[in-house]
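We name chains A, B, ... by the order of the sequence lines, and we start the count at 1 in each one.
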There are 2 protein chains.
Amino acid sequence: MSPEGARTRRTRSDSVRNRSEILDVAERHFADRGVSASLEAVARDAGVGSATLYRHFPTRDALLVELLDRRTAQVVSDIERLEQMADSGEALAGWMVALEEFFGVFDGLPGPLRDAFLEEHNPLASTCIGFIERTDHFLGAAQRDGKARADVSGRDLFLAALALSWARGSSLAGPDSPARLRALLRDGFAGPDAG
Amino acid sequence: MSPEGARTRRTRSDSVRNRSEILDVAERHFADRGVSASLEAVARDAGVGSATLYRHFPTRDALLVELLDRRTAQVVSDIERLEQMADSGEALAGWMVALEEFFGVFDGLPGPLRDAFLEEHNPLASTCIGFIERTDHFLGAAQRDGKARADVSGRDLFLAALALSWARGSSLAGPDSPARLRALLRDGFAGPDAG
DNA sequence: CGTGAAACGGGGTATGCCTCCGGATCATTA
DNA sequence: TAATGATCCGGAGGCATACCCCGTTTCACG
C-alpha cells in the first residue's frame with residue numbers, strides 16, 4: 001500500500017520515533033491509571049507536544065486500537081492451545097476466560113469496547129469484530145457437538161464476556177465472585193437447548 | 001435526630017427551596033444526558049450558584065442517592081406484586097428484571113453503583129445493600145423451593161443484574177440481545193445445582 | 001425590628017481536551 | 001555536502017468542567 005503509483009517520500013525519522021515513544025508511554029499510563037488516563041500527561045512524559053500526540057492518534061480510541069493490536073499477538077498463543085483441545089465445550093469455556101482476561105489489561109477497557117460495538121465508525125469496531133469471529137468459531141464447534149445451546153450468537157457471548165470483565169471492576173471485588181459469575185454464565189451457555 | 005438536646009434552629013426556607021429545586025433539575029439532566037451530566041449546568045438551571053449545589057450535595061453520588069431513593073418507592077409496588085406470586089422461581093426472575101430496569105433510569109448508572117459496591121465510604125453503598133437484601137430475600141425463597149442453585153448469593157445476582165444493565169448500554173444495542181443475555185443468566189441461576 | 005447565625009453566589013484555581021500556526025527538522029536531489 | 005521544500009513539531013490558547021474561598025445577603029428568632 002505504501003509504494004503506490006507515484007513515488008512516496010519516506011516517513012520522517014522523528015515522526016516514527018515520536019509515535020513509538022507515545023505508544024510506550026500510553027501503555028504504561030493506561031496500565032497504571034486506566035483507559036481514562038490524561039493524554040496531556042502521556043504527551044508530556046513522551047517528551048512531545050500535545051498536538052503531536054493528536055496528530056498521530058486523533059482520538060483516545062485510535063491509541064487503544066494500536067495498543068490492543070500489540071497485545072493480540074499474545075492472545076493468539078492461547079487460541080492455538082485451545083484449538084487443540086478435544087472437548088469443544090471446554091475450548092469455548094477457555095476462550096471465554098481468555099477474552100475476559102484480555103479485557104482486563106486496562107482498567108475501564110470494557111467501556112470503549114462496548115461503545116465501539118454500538119457506534120459505526122469507531123476504530124475499535126474492527127478489533128471487536130475480530131474477537132466476535134473468533135468467538136463464533138469456538139461457539140460453532142461447541143454447538144455442533146451439542147455442548148452449547150443453539151440460540152446464542154458469538155455477539156452475545158462477546159458482550160457477556162465484556163460485561164463479566166466490567167463487573168470484575170477496577171478495584172478488587174470479592175475475590176471469588178468473578179469465578180461464580182463465570183460459572184453462572186457457563187451453566188447458561190453450556191446447558192440444554194431449553195428456551 | 002433533629003430535635004437534639006440543645007435547641008435547634010429551623011432550616012432556612014431558601015435552603016429547602018434550593019435543595020428541592022436542585023433535585024428536580026438534576027433528575028431532568030441525569031435522565032437526559034446520563035449520570036455524567038454537568039453539575040454546573042444543573043446549578044445554572046436551578047438558578048443557584050455552584051457553591052450552593054456542592055454545599056447541599058458534596059459529591060455527584062450524594063445527589064444520586066437522593067434521586068434513587070425517590071424512585072425506590074416506585075419499585076416497592078413491583079416488589080409487592082412479585083411477593084404474591086406462587087412460583088418463587090418466577091418471582092426471582094421478575095425481581096431480576098425489575099432490578100435491571102431500575103438501573104436503566106439514568107444512562108451510566110451501573111458504573112457508580114458498581115464502584116460504591118467496592119468502595120467503603122460511598123453514600124451509594126447503602127442503596128446497594130438495600131437492593132442486595134431484597135435480592136437475597138427472593139433468592140432464598142427460590143433456593144428453598146429448589147428453583148435456584150444453592151451456590152450463588154444475592155451479591156452475585158445483584159452484580160449480574162448490574163452487568164446486564166451495563167451491557168444494554170447507553171445507546172440502542174441489538175434489540176433482542178438484552179433478552180438473550182437475560183435468558184443466559186436465568187438458565188444459569190435457575191438450573192441444577194451442578195458446579 | 002434588630003441581630004447574628006446560616007446560607008448564598010460569583011469569581012478563582014486547576015485540569016483536561018483539542019486546535020492553530022509560526023517555526024524547526026528531515027529526506028531528497030544535485 | 002549544501003540547498004530546498006515537504007513534513008512534522010510544539011506551545012499557546014480557547015473551551016468546558018470540577019471544586020473552593022470569602023465577602024455579602026437573607027432569614028429565623030426574640
Side-chain angles (χ1 to χ4, degrees), chain A residues 2-26 28-30 32-64 106-108 111-112 115 121-123, chain B residues 2-26 29-30 32-64 66 106-108 111-112 115 121-123:
Chain A
S2 258
E4 211 172 318
R7 314 215 39 190
T8 173
R9 189 184 264 252
R10 193 175 4 171
T11 334
R12 274 173 58 167
S13 58
D14 54 347
S15 182
V16 306
R17 208 178 332 119
N18 283 336
R19 179 188 178 84
S20 151
E21 185 66 19
I22 288 170
L23 281 172
D24 287 345
V25 174
R28 227 171 24 243
H29 279 228
F30 283 0
D32 289 351
R33 302 195 239 287
V35 294
S36 297
S38 161
L39 297 185
E40 298 268 318
V42 170
R44 211 179 314 124
D45 279 18
V48 147
S50 55
T52 297
L53 188 153
Y54 286 104
R55 210 171 297 116
H56 281 292
F57 307 100
T59 67
R60 185 183 298 271
D61 284 347
L63 201 42
L64 269 179
F106 302 137
D107 279 358
D115 293 346
H121 296 300
N122 192 308
Chain B
S2 257
E4 211 170 318
R7 313 213 39 181
T8 173
R9 206 190 185 93
R10 194 180 359 174
T11 336
R12 275 173 56 167
S13 59
D14 54 347
S15 182
V16 305
R17 209 181 328 121
N18 283 336
R19 179 187 177 85
S20 151
E21 184 66 20
I22 289 171
L23 281 172
D24 287 346
V25 174
H29 279 229
F30 283 1
D32 289 351
R33 303 196 240 286
V35 294
S36 297
S38 162
L39 297 184
E40 298 271 317
V42 169
R44 211 180 314 124
D45 280 18
V48 144
S50 54
T52 296
L53 188 151
Y54 286 105
R55 208 171 297 116
H56 281 292
F57 308 99
T59 67
R60 184 182 300 270
D61 285 347
L63 202 41
L64 269 178
E66 213 84 2
F106 303 137
D107 280 357
D115 293 347
H121 297 301
N122 193 308

Tabulated below should be each protein N or O lying under 3.5 Å from an N or O of nucleotides 24-28 of chain C; please produce it.
{"unit_1": "C/dT25", "atom_1": "O2", "unit_2": "A/R12", "atom_2": "NH1", "d": "2.9"}
{"unit_1": "C/dT25", "atom_1": "O2", "unit_2": "A/R12", "atom_2": "NH2", "d": "3.2"}
{"unit_1": "C/dA27", "atom_1": "OP1", "unit_2": "A/S13", "atom_2": "N", "d": "3.4"}
{"unit_1": "C/dA27", "atom_1": "OP1", "unit_2": "A/S13", "atom_2": "OG", "d": "3.3"}
{"unit_1": "C/dT28", "atom_1": "OP1", "unit_2": "A/R10", "atom_2": "N", "d": "3.4"}
{"unit_1": "C/dT28", "atom_1": "OP2", "unit_2": "A/R10", "atom_2": "NH2", "d": "3.0"}

* To do: Figure out the CG/P separation between B/N18 and C/dG10, and round it to whole Å.
  => 12 Å

* Asked: Does the side chain of B/L63 come within less than 4.5 Å of B/L23's, by heavy atoms?
  -> yes

* Asked: Given atom CZ of A/R44 and atom C1' of C/dA14, what is their separation to the nearest angstrom?
  -> 12 Å

* Within the pair A/S38 and C/dC17, is there a side-chain N or O less than 4.0 Å away from OP1 or OP2? -> yes

* Asked: How close or far is atom C1' of C/dA6 from atom CZ of B/R19, stated in whole angstroms?
  -> 15 Å

* Got a sec, which residues hit side chain to side chain donor-acceptor pair (under 3.5 Å) with B/H29, two or more places apart in sequence or on another chain? -> B/D45

* Pairwise 5' ranking along DNA chain C for B/V16 and A/A41, keeping only the more 5' one -> B/V16

* Asked: Considering residues at least two apart in sequence or located in another chain, which fulfil the side chain to side chain contact (heavy atoms under 4.5 Å, CB included) criterion with A/S38?
  -> A/E40, A/A41

Protein-nucleic acid N or O pairs under 3.5 Å, nucleotides 20-24 of chain D:
{"unit_1": "D/dC20", "atom_1": "N4", "unit_2": "B/S50", "atom_2": "OG", "d": "3.3"}

* Asked: Tell me, do B/T59 and B/N122 make a side-chain contact under 4.5 Å, heavy atoms counted?
  -> no

* By nearest nucleotide on DNA chain D, pick out whichever of B/T59 and A/H56 is the more 5' one. => A/H56

* To do: Taking side chain to side chain donor-acceptor pair (under 3.5 Å) as the test, write out the residues that go with A/N18, two or more places apart.
  => none

* To do: Please list, chain by chain and in numerical order, all residues satisfying side chain to side chain contact (heavy atoms under 4.5 Å, CB included) with A/Y54, sequence neighbours excluded.
  => A/L39, A/S50

* Structure fact -> Residues at least two apart in sequence or cross-chain that pass ring-ring contact (aromatic ring centres under 6.0 Å, His included) with B/F57, listed by chain then number, are none

* Atom CG of B/D61 to atom P of D/dC19: distance rounded to whole Å? -> 10 Å

* In chain order, what residues pass the salt bridge (Lys or Arg N to Asp or Glu O under 4.0 Å) check against A/R60, with sequence neighbours excluded? -> none

* To do: Could you tell me which residues satisfy salt bridge (Lys or Arg N to Asp or Glu O under 4.0 Å) with B/R12, sequence neighbours excluded, listed by chain and number?
  => B/D14

* Pick base, sugar-phosphate or nothing for B/R60, based on heavy-atom distances below 4.0 Å to the nucleic acid. => sugar-phosphate

